[in-house]
Amino acid sequence: MKFNVTDVKPLIEDEFVGEAAKRALQYIQTKRSAGMPVAGIYCGYAPMEVIRAVGAVPAILCAFANKTIAAAEAVLPANLCPLIKSSYGFIITDTCPFFGISDAVVAETTCDGKKKMFELISHYKPMFVMDLPQLPDEKEALANWATMITKLQGFLEKTFEKSATPEGIEAEIKATNIKNRLMNRVFDYATKKPSLLKWSETYELAFLAQVATTEDLQPIFQEVFKTLEEREAKGVYYGTASAPRVLVTGCPVGGDSTKVYKIIEEAGGVVVAMDSCTGMKPFMTEIEENTGNPIAAVAARYLQLPCSCMTPNTRRLDELDKTIARFQPDVVIEVVLHACHSYNIEAYKIMNHAKNKHNLPYLKIETDYSDGDVEQIRTRVEALFDSL
Ligand code: SF4
Ligand code: SF4
């Protein structure tokens, strides 16, 4: 039996269905009211285990709304990634509640645009910029990144007047691993044919799971698994049995850029794999436990994240192989945000890999947060599905 999300119980049944950011904001506000400091973060490389071990709650500051871009363009070049412009626009118009409640900001030297934007906002809040090694396979990279994480710990301890212990970081490593295993149990429902998960459900759960602790997520996971088991028992699935299964890879997709997911769905496809930092990527790997050096273990895990800011980024191809084997997509669609040079250039390798190694059709969509290209994207996605 096919379902539309309105026909069945949502995965997270609360007043925030369809409002991932508001749910996360309420969670962070509750924690802050209970006395926890808030560490704003901008990237998948932010070492959450250290932030949590210091007793802070993370808040994601990357923004996905078109409405603040005009304000940002008064300062930033128009030809810049919309994620950076949107994030900056929210700050200078003082309309980002996540930035507003952040007591400090953790930033990383990933792409040039973000790096230079951090300079422009550094006077608003205490900020720590982490020098991210971008040649992850060099032997110094791990030691340098571990040093940066130790420095971050010192910054957070001083700023928040709290402290983290190695035991506390080790406990957070274990908590992350439990969370990631549970998230992957959820993702397994999208590996089924047909999928039992809708993209927006994965997106909403991932949004919350990035900020919430494993302990706080337990009741939500229990409900989620109950709902998914019920769907499976009743034979309820999402889309149509023959819907093209889509793996979406590339830049983070959120807010206004989820138009791409919506178009895929309206064209009859089902997004089964969301290979980006706003999707499944943050939960795909585990951190080595009981090494005796938890900072080094955390450093090793984050350095393995296959972001296009790394060179060479061969791990992305390895991860893509695993994702394709697991979710069995019929097509690969890459989302590249305007002016994101690293993902845009790397797209050539991803295209060749999808086509030549996996014999999968590939489509690259370059877009921003406006709705001006919706019909053009729709035409291209429909043509792709027609060609299957
Ligand atoms: S895509 Fe890369 S730079 Fe962007 S949030 Fe993810 S890891 Fe960070
Ligand atoms: S999408 Fe690309 S350009 Fe934009 S912030 Fe992420 S890495 Fe930088």
Side-chain angles (χ1 to χ4, degrees), residues 39-48 51 58-66 68-69 72-73 76-91 98 105-121 129-136 141 145 148-149 152 203 206-207 210-211 248-258 260 274-285 298-299 301-313 315-316 319-320 334-347 350 364-369:
I41 61 165
Y42 274 105
C43 183
Y45 287 104
M48 298 288 210
I51 291 170
I60 294 166
L61 302 179
C62 292
F64 306 102
N66 199 45
T68 58
I69 285 187
E73 286 179 353
L76 299 176
N79 185 23
L80 182 67
C81 160
L83 191 156
I84 301 169
K85 287 191 290 188
S86 179
S87 306
Y88 181 72
F90 269 107
I91 292 169
F98 293 95
V105 173
V106 179
E108 298 85 5
T109 56
T110 50
C111 64
D112 289 349
K114 264 192 179 170
K115 214 159 48 188
K116 301 310 284 184
M117 188 270 278
F118 294 147
E119 291 178 20
L120 301 185
I121 61 166
V129 180
M130 305 179 77
D131 186 10
L132 177 70
Q134 298 193 350
L135 276 66
W145 186 230
M148 268 297 140
I149 293 177
L152 171 72
Y203 173 74
F207 209 107
Q210 289 221 55
V211 297
V248 179
T249 186
C251 294
V253 177
D256 288 340
S257 59
T258 59
V260 178
M274 298 160 73
D275 175 35
S276 73
C277 286
T278 46
M280 298 170 169
K281 211 168 178 175
F283 308 100
M284 285 313 207
T285 51
V298 167
R301 184 266 170 178
Y302 282 89
L303 209 52
Q304 288 189 349
L305 278 180
C307 175
S308 65
C309 66
M310 295 292 177
T311 186
N313 191 23
R315 286 191 188 92
R316 184 161 173 219
E319 288 304 314
L320 199 59
E334 174 131 16
V335 177
V336 174
L337 293 176
H338 279 171
C340 178
H341 303 314
S342 57
Y343 273 102
N344 206 353
I345 295 168
E346 197 164 277
I350 302 298
K364 180 173 85 173
I365 295 172
E366 274 185 79
T367 190
D368 59 14
Y369 293 170

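Numbering of ligands and ligand atoms starts at 1, following listing order.
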- [ ] Give a yes or no on whether Cys340 keeps an N, O or S atom under 2.8 Å from atom 2 (Fe) of ligand 2.
- [x] yes
Open item on the list: Do the side chains of Lys116 and Glu119 get close enough for a salt bridge, i.e. N-O under 4.0 angstrom?
Closed with: yes
Open item on the list: Is it the case that the ring center of Phe118 lies less than 6.0 angstrom away from the ring center of Tyr42?
Closed with: yes
- [ ] Begin with the C-alpha distance, continue with both residues' side-chain angles, and end with the deciding distance and a verdict on side-chain contact (heavy atoms from CB on, under 4.5 Å) for Leu61 and Ile41.
- [x] CA-CA 6 Å; Leu61 302 179; Ile41 61 165; over 6 Å; no
TODO: Identify the residue among Pro312, Pro306, Cys340, Ser308 that makes a side-chain contact (heavy atoms from CB on, under 4.5 Å) with Glu346.
DONE: Ser308
Open item on the list: Evaluate Arg301 against Thr285 for side-chain hydrogen bond (donor to acceptor under 3.5 Å, both in side chains), listing each step before the verdict.
Closed with: CA-CA 8 Å; Arg301 184 266 170 178; Thr285 51; 3.2 Å; yes
Open item on the list: With respect to atom 6 (Fe) of ligand 1, please indicate if Cys277 possesses an N, O or S atom at a distance under 2.8 Å.
Closed with: yes
Open item on the list: If you compare all heavy atoms of Phe98 against all heavy atoms of Ala59, which two are closest, and at what distance to 0.1 Å?
Closed with: CD2-CB, 4.3 Å
TODO: Using a strict cut-off of 4.0 Å, indicate which atoms of ligand 1 neighbour a heavy atom of Tyr343.
DONE: 1 (S)
- [ ] Report the nearest protein non-hydrogen atom to atom 7 (S) of ligand 2: residue, atom name, distance rounded to 0.1 Å.
- [x] Cys111 SG, 3.8 Å
- [ ] For Ile84, counting its heavy atoms only, list the atoms of ligand 2 lying under 4.0 Å from any of them.
- [x] 5 (S)
TODO: Could you tell me the residue and atom name of the protein heavy atom closest to atom 2 (Fe) of ligand 1, and the distance to it rounded to 0.1 Å?
DONE: Cys307 SG, 2.3 Å
Open item on the list: So is Thr110 touching ligand 2 or not, going by heavy atoms under 4.0 Å?
Closed with: no
TODO: Please could you name the atoms of ligand 1 that Tyr45 approaches to less than 4.0 Å, counting only its heavy atoms?
DONE: 7 (S)
Open item on the list: What verdict does the side-chain contact (heavy atoms from CB on, under 4.5 Å) test give for Leu337 and Asp368, after you've listed the backbone C-alpha separation in whole Å, the side-chain angles of each residue and the deciding distance to 0.1 Å?
Closed with: CA-CA 6 Å; Leu337 293 176; Asp368 59 14; 5.9 Å; no
Task: Selection from Ser276, Cys81, Ser342, Pro82 by shortest heavy-atom distance to atom 3 (S) of ligand 2 - done: Cys81
Task: Protein residue, atom and distance nearest to atom 8 (Fe) of ligand 1, heavy-atom basis - done: Cys43 SG, 2.3 Å
